[in-house]
Enquirer: 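Here's a structure for you.
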There are 2 protein chains.
Amino acid sequence: MLIGELAKKTGCDVETIRYYERERLLSAPQRSASGYRHYNAEQLGELNFILHCRSLGMSLADIRNLAAFKADHEHDCEDINLLIDQQIAKVHQQAEALRLLEQQLLALRDKCHDSHAAADCGILQTLVEAAEGEPCVCHTPFGQDNHGHSHDHDHAAKKNGRTQKGRP
Amino acid sequence: MLIGELAKKTGCDVETIRYYERERLLSAPQRSASGYRHYNAEQLGELNFILHCRSLGMSLADIRNLAAFKADHEHDCEDINLLIDQQIAKVHQQAEALRLLEQQLLALRDKCHDSHAAADCGILQTLVEAAEGEPCVCHTPFGQDNHGHSHDHDHAAKKNGRTQKGRP
DNA sequence: CTTGACCCTGTAGCGACTACAGGGTGTGCA
DNA sequence: TGCACACCCTGTAGTCGCTACAGGGTCAAG
């Protein structure tokens, strides 16, 4: 099976498949004399596994770990449980942040219904006032915590006063 | 006020302030003879406005637009309302996707409680089976829709069969 | 006259792709 | 045989919103 067929079967973009191979998530397929990739059923399974995990919001690093656990049958599955627990925590936190955010946005939207000049727009006024006024203690929805880095988490918490503890 | 002081006052990183200036979100400040940036109260307000909008999950492009509307007092505020409505829709969609995702993850976590060998881990088995089995019609939480591109949206929808319409 | 805290520019990196340039291959049809 | 056209290859650069340096300059205090 050539890469195009694999792409069709999985619904994954051709370039993404090549990317996964480059990132060592997908094992390197056999090559024809002319360098074309040839995939078998096993690699179809591998890719589907990756895509399913991605659809559960896991990072490629997590998936790499999970695949390693999967390969090592003797490995204690506690690590797997931990990984899923962390994923749940992450997703829960994000969902909660978005819920709060939506409420704030709806409240903001409520400030202006009619169409009039920007100078009188309640939304704009509210935004400007909010920026000047009280610290907004909002729980960093998807802004500052950029894509779930982990190594600099405490570091960012120290610096990024705004979303963590409001303004000083 | 030098950049460090502005950073402290707003809780924004110094490098981020310079980044906003580079991106033309923040107007260029006056410079001392030695090239140091000097900020005034107006620019403090500007930055706070940006940070507040960011905390509401808006993209820098959206904030740029909003700032332009703010500057143009005659401008009809319908565009502002539209922008906020789109933002609400975006956030709502993401929140909903994350809620579903959390449910899926919790169900998955339920497959394995005890600690045993990975070969027998219910989570891993479930993941593998799910990958092989039914199409997972999940609503692209934060995976494929990368950071809210808009120009190639229909394009991506055509290609990315998995999360849009399950596997064919 | 040095120390050390601050400032500057420029560039590269993150994650998970996506897009394209510039080329090669393979099949079908006239 | 020639050619069109769909597919494949590699490599590089772009996306977004920062973050982290390297390698230097400035300025006030001791």
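Since the model is a prediction, treat every value here as computed from it, not as a measurement. So that the names make sense, note that chain A is the first sequence line, chain B the second, and so on, each numbered from 1.
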Enquirer: At what angle, to 10 degrees, do the two end axes of the helix from C/dC1-D/dG30 to C/dA30-D/dT1 meet, given five pairs define each axis?
Expert: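 Computed angle between terminal axes is 30°.
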Enquirer: How close do B/L105 and A/Q87 get, heavy atom to heavy atom, and via which atoms?
Expert: CD1-CG, 3.6 Å
Enquirer: Would you kindly check whether a donor in the side chain of B/E15 faces an acceptor in the base of C/dC8, or vice versa, at under 3.5 angstrom?
Expert: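 Between C/dC8 and B/E15, which were checked side chain against base, a qualifying N/O pair under 3.5 Å is absent.
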Enquirer: Grab the two heavy atoms, one from B/R31 and one from B/G35, that are nearest each other, plus how far apart they are.
Expert: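 Looking at all heavy atoms of both residues, the shortest contact is NH1-O, 2.8 Å.
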Enquirer: Any salt bridge between B/E5 and B/K8, counting N to O under 4.0 Å?
Expert: no
Enquirer: Does a side-chain heavy-atom distance below 4.5 Å link B/S59 with B/R64?
Expert: no
Enquirer: Measure the distance from CG on A/L60 to P on C/dA16 and round it to the nearest whole Å.
Expert: 4 Å
Enquirer: Measure CG/B/L2 against P/D/dC27 and give the value in whole Å, please.
Expert: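 Between P of D/dC27 and CG of B/L2: 10 Å.
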Enquirer: In this structure, how many angstroms lie between the P atom of C/dG26 and the CD atom of A/E5, rounded?
Expert: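 Between P of C/dG26 and CD of A/E5: 16 Å.
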Enquirer: Does B/Y36 get its side chain close enough to the base of D/dG25, under 3.5 Å, for a donor-acceptor pair?
Expert: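 By the distance-only test, yes, there is a pair.
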Enquirer: Is there side-chain contact between A/T16 and A/R18, with at least one heavy-atom pair below 4.5 Å?
Expert: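 They are not in contact (no side-chain heavy atoms under 4.5 Å apart), so the answer is no.
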Enquirer: So, does A/R18 get its side chain near the phosphate of D/dG11, meaning an N or O under 4.0 Å from OP1 or OP2?
Expert: no
Enquirer: May I ask you to verify if any side-chain N or O of B/R54 is less than 4.0 angstrom from the OP1 or OP2 atom of D/dC18?
Expert: yes
Enquirer: Assign A/S59 to base, sugar-phosphate, or nothing according to its heavy-atom contacts below 4.0 angstrom with the strands shown.
Expert: sugar-phosphate
Enquirer: Taking the side chain of A/Y19 as its heavy atoms from C-beta onward, which of C/dC17, C/dC8, D/dT19 lies nearest to it?
Expert: C/dC17
Enquirer: So, does A/S34 get its side chain near the phosphate of C/dG26, meaning an N or O under 4.0 Å from OP1 or OP2?
Expert: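 Yes, A/S34 has a side-chain N/O under 4.0 Å of OP1/OP2 on C/dG26.
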Enquirer: Testing the basics here: between B/A119 and B/Q125, what is the closest heavy-atom pair and its distance to 0.1 Å?
Expert: O-NE2, 3.3 Å
Enquirer: Rounded off to whole Å, could you give me the CD1-to-C1' distance for the B/I50 and D/dG17 pair?
Expert: 13 Å
Enquirer: Starting from C1' on C/dC7, measure out to CD on B/E21 and report it in whole angstrom.
Expert: 13 Å
Enquirer: Just wondering, more than 12 heavy atoms not from B/E78 lying within 6.0 Å of its CD?
Expert: no
Enquirer: Does A/T16 have a side-chain nitrogen or oxygen under 4.0 Å from the phosphate oxygens OP1 or OP2 of C/dT18?
Expert: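 A/T16 to C/dT18 OP1/OP2: side-chain N or O found under 4.0 Å.
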Enquirer: I'd like to know whether CD of B/Q103 has more than 12 heavy-atom contacts from other residues, nucleotides or ligands below 6.0 angstrom.
Expert: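 Count over threshold, so yes.
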Enquirer: Distance check: side-chain N/O of A/Y20 vs OP1/OP2 of C/dC17, anything under 4.0 Å?
Expert: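 For A/Y20, the contact criterion (side-chain N or O under 4.0 Å from OP1 or OP2 of C/dC17) is met.
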Enquirer: Look at A/R31 and D/dT10 and indicate whether a side-chain polar atom (N or O) is within less than 4.0 Å of OP1 or OP2.
Expert: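 Yes.
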Enquirer: I need the CE-P distance between A/M1 and D/dC7, as an integer number of Å.
Expert: 16 Å
Enquirer: Please state how far atom CD1 in B/I3 lies from atom C1' in D/dG25, giving the value in whole angstrom units.
Expert: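 So the two atoms are 15 Å apart, to the nearest Å.
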Enquirer: Look at B/R37 and C/dC7 and indicate whether a side-chain polar atom (N or O) is within less than 4.0 Å of OP1 or OP2.
Expert: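 No.
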Enquirer: Can you tell me the distance, in whole Å, between the CD atom of A/Q94 and the P atom of C/dG15?
Expert: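 It is 16 Å, rounded to the nearest whole Å.
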